[in-house]
There are 2 protein chains.
Amino acid sequence: MLNEEKRDITSNKIVKVAHSLFMEFGYKAVSTREIADVCGLTQPTLYHHFKNKKALYLEVLRTELYEMQIALERIIRRYDDLEQCLYQVTYYILINKPSSISQMFRDIEIEMEDQHRKQIKKWWIDAYQAPIASIFEKGIKEAKLRNPAEFGTFPVPSAYLLLNLISTKGPEQGQSEKHAKEQAKLYTRVLLYGMSFPEIRD
Amino acid sequence: MLNEEKRDITSNKIVKVAHSLFMEFGYKAVSTREIADVCGLTQPTLYHHFKNKKALYLEVLRTELYEMQIALERIIRRYDDLEQCLYQVTYYILINKPSSISQMFRDIEIEMEDQHRKQIKKWWIDAYQAPIASIFEKGIKEAKLRNPAEFGTFPVPSAYLLLNLISTKGPEQGQSEKHAKEQAKLYTRVLLYGMSFPEIRD
DNA sequence: TAAAACAATTATCAACTGATAGAAGTGTAT
DNA sequence: ATACACTTCTATCAGTTGATAATTGTTTTA
């Protein structure tokens with residue numbers, strides 16, 4: 001095996017393992033030794049591949065957010081119907097991000113320095129905010145959604161409404177594969193149509 | 001000053017400080033020395049008032065959740081109208097819990113042992129889930145909300161819909177006092193009436 | 001094949017973690 | 001005033017943290 005390949009393989013494995021650990025337990029709660037152990041490596045080896053723990057976390061975020069951006073843009077391109085599109089996006093995030101978004105926010109806010117935060121924010125906007133906001137923007141243009149000026153549902157805040165619904169995991173909500181479909185359906189329906197009886201809206 | 005008073009004062013201060021630190025940075029990221037420093041005490045003093053770090057965290061949760069329970073029950077008793085009640089509850093949580101709920105979930109899930117988790121879950125249900133679910137239950141009984149069997153909006157899942165909307169804080173949402181009112185209004189309206197044009201609902 | 005480049009190791013570091021023991025100080029009660 | 005209870009302190013512990021230096025072994029290149 002070439003050294004170049006070897007390096008890539010190891011680096012990718014580290015990033016992959018670090019990703020799952022960081023997202024589940026948070027930046028501070030995961031030690032570099034834990035990551036190395038799961039990878040079958042010794043801890044100093046991580047420092048051969050990444051400058052320090054923060055650099056590794058940054059790389060985790062970069063790959064994570066880039067993959068999400070590609071996936072969401074593909075879904076949005078594929079589905080033209082507003083409700084269908086929202087459902088697919090919601091389902092994809094539910095399946096692929098088991099409760100990692102809020103953890104991410106905290107770690108970015110607390111553990112990262114300003115210089116990195118700006119870079120991460122850019123990645124975040126490209127990956128989540130912009131794609132999802134574009135769905136709502138289209139819905140508004142096509143007059144399928146309420147007047148944002150009256151209801152406060154501008155594209156970007158609307159994107160966060162959806163993301164908030166998705167991202168927090170309650171103390172007893174497991175995320176099975178079929179349950180995710182039901183949840184995605186519920187989220188999109190409530191977001192679009194609300195919980196009240198349509199007949200008695202004043 | 002009586003020794004008894006002194007002890008209570010110190011204990012309360014520790015709990016109060018620990019509360020703000022734990023909720024902002026998470027259980028693992030906050031050291032007992034940090035808590036002691038903010039209290040103007042030395043670290044071993046904490047161990048005179050609490051058996052260990054976990055016991056302190058438990059006490060923090062207990063007081064926090066109990067206060068929330070009292071407050072929510074009071075609000076629900078006061079406001080009879082569904083929308084008004086949801087708005088007030090949302091506003092209260094937004095003001096008093098700056099993004100601490102999701103952090104709490106994580107810490108309970110990850111850092112606590114099973115025996116404590118069950119106790120905490122009970123506190124949680126009494127403080128958040130049951131009161132908020134009761135609002136939706138009433139709305140369903142009064143036929144102000146959709147048929148849960150068709151829409152999936154049973155009282156308890158509905159409560160989590162609201163809590164999810166409230167609890168996650170995006171990467172750029174500050175929580176000023178006036179902004180909280182707008183946000184609370186937006187959340188309740190969207191939850192009840194949805195984002196779509198009422199006219200073109202099929 | 002020799003040497004240069006590279007990956008991964010062992011050994012180690014200072015700083016920090018939660019936690020304990022025992023002394024010192026402070027207030028209470030007889 | 002003396003004895004006691006209680007609060008807080010200093011000193012210290014073993015374990016863990018992120019990080020570095022020097023070494024070993026492997027691969028690539030000349």
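Order of the sequence lines fixes the chain letters, A, B, ..., with proteins taken first and strands second; residue numbering starts at 1 for each chain. No experiment lies behind these values; they were computed from the predicted model shown.
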Handout entry: D:dA19 OP1/OP2 closer than 4.0 Å to side-chain N/O of A:Thr32
Key = no
Exercise for the section: Ignoring backbone atoms, establish whether B:Thr45 has a side-chain N or O less than 4.0 Å from OP1 or OP2 of D:dC9. Expected result: yes
If you define the side chain from C-beta out and look only at heavy atoms, does anything of [X] sit under 4.5 Å from [Y]?
X	Y	answer
A:Asp107	A:Leu61	no
B:Asn164	A:Ile166	no
A:Leu161	B:Tyr187	yes
A:Tyr160	A:Ile132	no
B:Leu21	B:Tyr27	no

Any idea which of [options] is nearest the [X] side chain?
X	options	value
A:His48	C:dA8, C:dA21, D:dA21	C:dA8
B:Leu41	D:dA19, C:dA8, D:dC9	D:dC9
B:Glu34	C:dT9, C:dG18, C:dT17	C:dT17
A:Arg7	C:dG18, C:dA7, D:dA19	C:dA7
B:Thr42	D:dT10, C:dA19, D:dG18	D:dT10
B:Arg33	C:dA7, D:dT12, D:dC9	D:dT12

Between [N] ([atom2]) and [X] ([atom1]): distance, integer Å:
X	N	atom1	atom2	answer
B:Gln43	D:dA11	CD	P	15 Å
B:Lys28	D:dG15	NZ	C1'	12 Å
A:Phe50	C:dA8	CZ	C1'	15 Å
B:Tyr57	C:dA19	OH	C1'	20 Å
B:Leu56	C:dA19	CG	C1'	14 Å
A:Leu46	D:dT20	CG	P	13 Å
B:Lys51	C:dA19	NZ	P	9 Å
B:Ile9	D:dT7	CD1	P	12 Å

Practice task
Remember a base hit wins even if backbone is also touched, and classify B:Ser31 as base, sugar-phosphate or nothing at under 4.0 Å, heavy atoms.
Solution key: sugar-phosphate
Fill in the blank from the handout: Of A:Pro44 and B:Ala29, the one whose nearest nucleotide on DNA chain C sits closer to the 5' end is A:Pro44
